[in-house]
Amino acid sequence: MTSARQLLATLEGVNEISFANDAERVRVSETTNALAKMLIDAGLFKNWAECGGEWKTCTDLTELTGADEVLIKRLMRQISGQHLVFEIAEDTFTLTPRATALATNSALENLTADFHCAMECHSKYNFTPWTEVCPTKTIVKSVKPGRALVVDIGGSKGQDLEKFRARVYFMRNVLHDWTDELVSKILGNVVGAMAKGYSRLPIHESLISSVKPLARVTVSDITMMACLSAKEKTESEWAYLIGKSGLNVVKIGNLLILLRV
């Protein structure tokens with residue numbers, strides 16, 4: 001494995017000695033890949049190649065993409081350090097064969113689709129379908145003509161809407177990405193759109209059990225803490241946030257919190 005990494009580093013022009021350990025190498029590599037995807041989405045490599053592929057300053061690249069120049073400088077600084085592009089002078093770069101390939105190879109463009117597929121699989125295999133734990137029949141009975149049936153907040157490509165359509169605002173695995181302060185703000189915004197006595201808000205999240213919590217949930221909690229300064233929540237923590245937002249609890253289960261205004 002070490003030899004394979006050394007060969008890859010040689011081909012990419014990356015100095016492996018610059019990494020303190022494998023963890024740092026992985027972190028830097030993942031960051032570079034993420035920034036490359038951002039620049040692909042901004043059209044940087046494609047536009048750069050189409051205008052001849054000659055050296056460009058950050059000001060030139062800003063004009064090619066319409067992005068903020070300070071942001072372009074920060075991104076180019078990172079990817080040039082990993083030899084995705086060559087820095088030939090201050091804030092001046094040329095394309096490498098790897099970067100040129102990004103202008104014509106659509107492999108990285110599939111990352112967004114892959115993310116949606118991952119979320120769909122997570123929804124399918126890690127959760128009980130929300131229609132099995134939410135009283136959907138009761139909700140359907142009092143649907144008002146002309147009103148929205150479902151608002152799936154942060155719903156990826158809509159896999160949950162395929163299961164049911166009703167007079168609800170719905171969030172799955174959205175709020176665990178945010179700090180408690182921002183969760184309160186998000187819930188407050190949703191409350192402002194809900195009709196009192198009519199709308200419902202099912203929140204489909206993993207709850208941390210007070211005793212003997214599931215390892216899957218505690219691992220997710222640590223991941224949220226490390227990546228987003230956020231967390232999974234216990235039932236009491238949810239109750240506190242819900243009370244602050246002006247919502248009323250209809251039901252709390254192991255996977256779903258049903259709220260109303």
Side-chain angles (χ1 to χ4, degrees), residues 20-35 37-38 111-134 151-161 163-164 168-191 200-260:
N21 49 50
D22 280 349
E24 184 176 275
R25 178 184 57 77
V26 170
R27 180 169 61 84
V28 171
S29 177
E30 289 178 344
T31 301
T32 303
N33 290 340
L35 300 190
K37 178 62 170 65
M38 291 175 62
L111 287 178
T112 302
D114 291 343
F115 172 79
H116 288 311
C117 288
M119 291 298 99
E120 186 172 5
C121 290
H122 183 62
S123 169
K124 182 176 181 180
Y125 297 111
N126 290 335
F127 280 100
T128 303
W130 70 281
T131 51
E132 294 183 15
V133 291
C134 181
V151 178
D152 190 4
I153 302 170
S156 187
K157 61 178 184 179
Q159 57 265 17
D160 286 304
L161 293 184
K163 300 170 184 173
F164 179 72
V168 299
Y169 292 79
F170 179 73
M171 284 190 279
R172 177 200 291 276
N173 276 359
V174 172
L175 298 178
H176 74 162
D177 292 341
W178 303 94
T179 63
D180 286 356
E181 180 182 358
L182 290 173
V183 167
S184 295
K185 183 177 291 188
I186 292 168
L187 288 175
N189 288 337
V190 177
V191 167
R200 296 291 185 270
L201 173 60
I203 298 175
H204 209 183
E205 298 267 2
S206 295
L207 297 181
I208 298 181
S209 301
S210 299
V211 179
K212 296 181 179 180
L214 295 175
R216 173 178 61 78
V217 184
T218 56
V219 167
S220 179
D221 181 48
I222 298 301
T223 302
M224 294 300 104
M225 177 180 67
C227 297
L228 302 168
S229 297
K231 63 181 180 181
E232 303 289 0
K233 298 173 181 61
T234 64
E235 181 174 334
S236 61
E237 288 171 332
W238 274 116
Y240 173 73
L241 287 172
I242 290 164
K244 284 181 61 178
S245 68
L247 288 160
N248 297 304
V249 177
V250 176
K251 173 185 176 182
I252 292 184
N254 290 332
L255 294 169
L256 184 118
I257 307 165
L258 183 60
L259 310 171
R260 62 177 171 80

Enumerate, atom names and distances included, each donor-acceptor pair closer than 3.5 Å involving a side-chain atom of residues 226-233, sequence neighbours excluded.
{"from": "K231", "atom 1": "NZ", "to": "E237", "atom 2": "OE2", "distance (Å)": "3.4"}
{"from": "E232", "atom 1": "OE2", "to": "H176", "atom 2": "ND1", "distance (Å)": "2.8"}
{"from": "E232", "atom 1": "OE2", "to": "S220", "atom 2": "OG", "distance (Å)": "2.5"}
{"from": "K233", "atom 1": "NZ", "to": "K231", "atom 2": "O", "distance (Å)": "3.3"}

Would you say E205's side chain and V174's backbone share a donor-acceptor pair under 3.5 angstrom?
yes
Under 3.5 Å, side-chain donor or acceptor atoms of residues 179-188 against the rest of the protein: list the pairs with distances, not counting sequence neighbours.
{"from": "T179", "atom 1": "OG1", "to": "L182", "atom 2": "N", "distance (Å)": "3.4"}
{"from": "S184", "atom 1": "OG", "to": "D180", "atom 2": "O", "distance (Å)": "3.2"}

Closest heavy-atom pair and its distance - Y169, P202
O-CD, 2.9 Å
Hey, what do you get for [atom1] ([X]) to [atom2] ([Y]), rounding to the nearest 0.5 Å?
{"X": "L175", "Y": "I203", "atom1": "CG", "atom2": "CD1", "result": "5.0 Å"}
{"X": "M224", "Y": "D177", "atom1": "CE", "atom2": "CG", "result": "5.5 Å"}
{"X": "W238", "Y": "L247", "atom1": "CH2", "atom2": "CG", "result": "11.0 Å"}

Residues at least two apart in sequence or cross-chain that pass side chain to side chain contact (heavy atoms under 4.5 Å, CB included) with M225, listed by chain then number, are I222
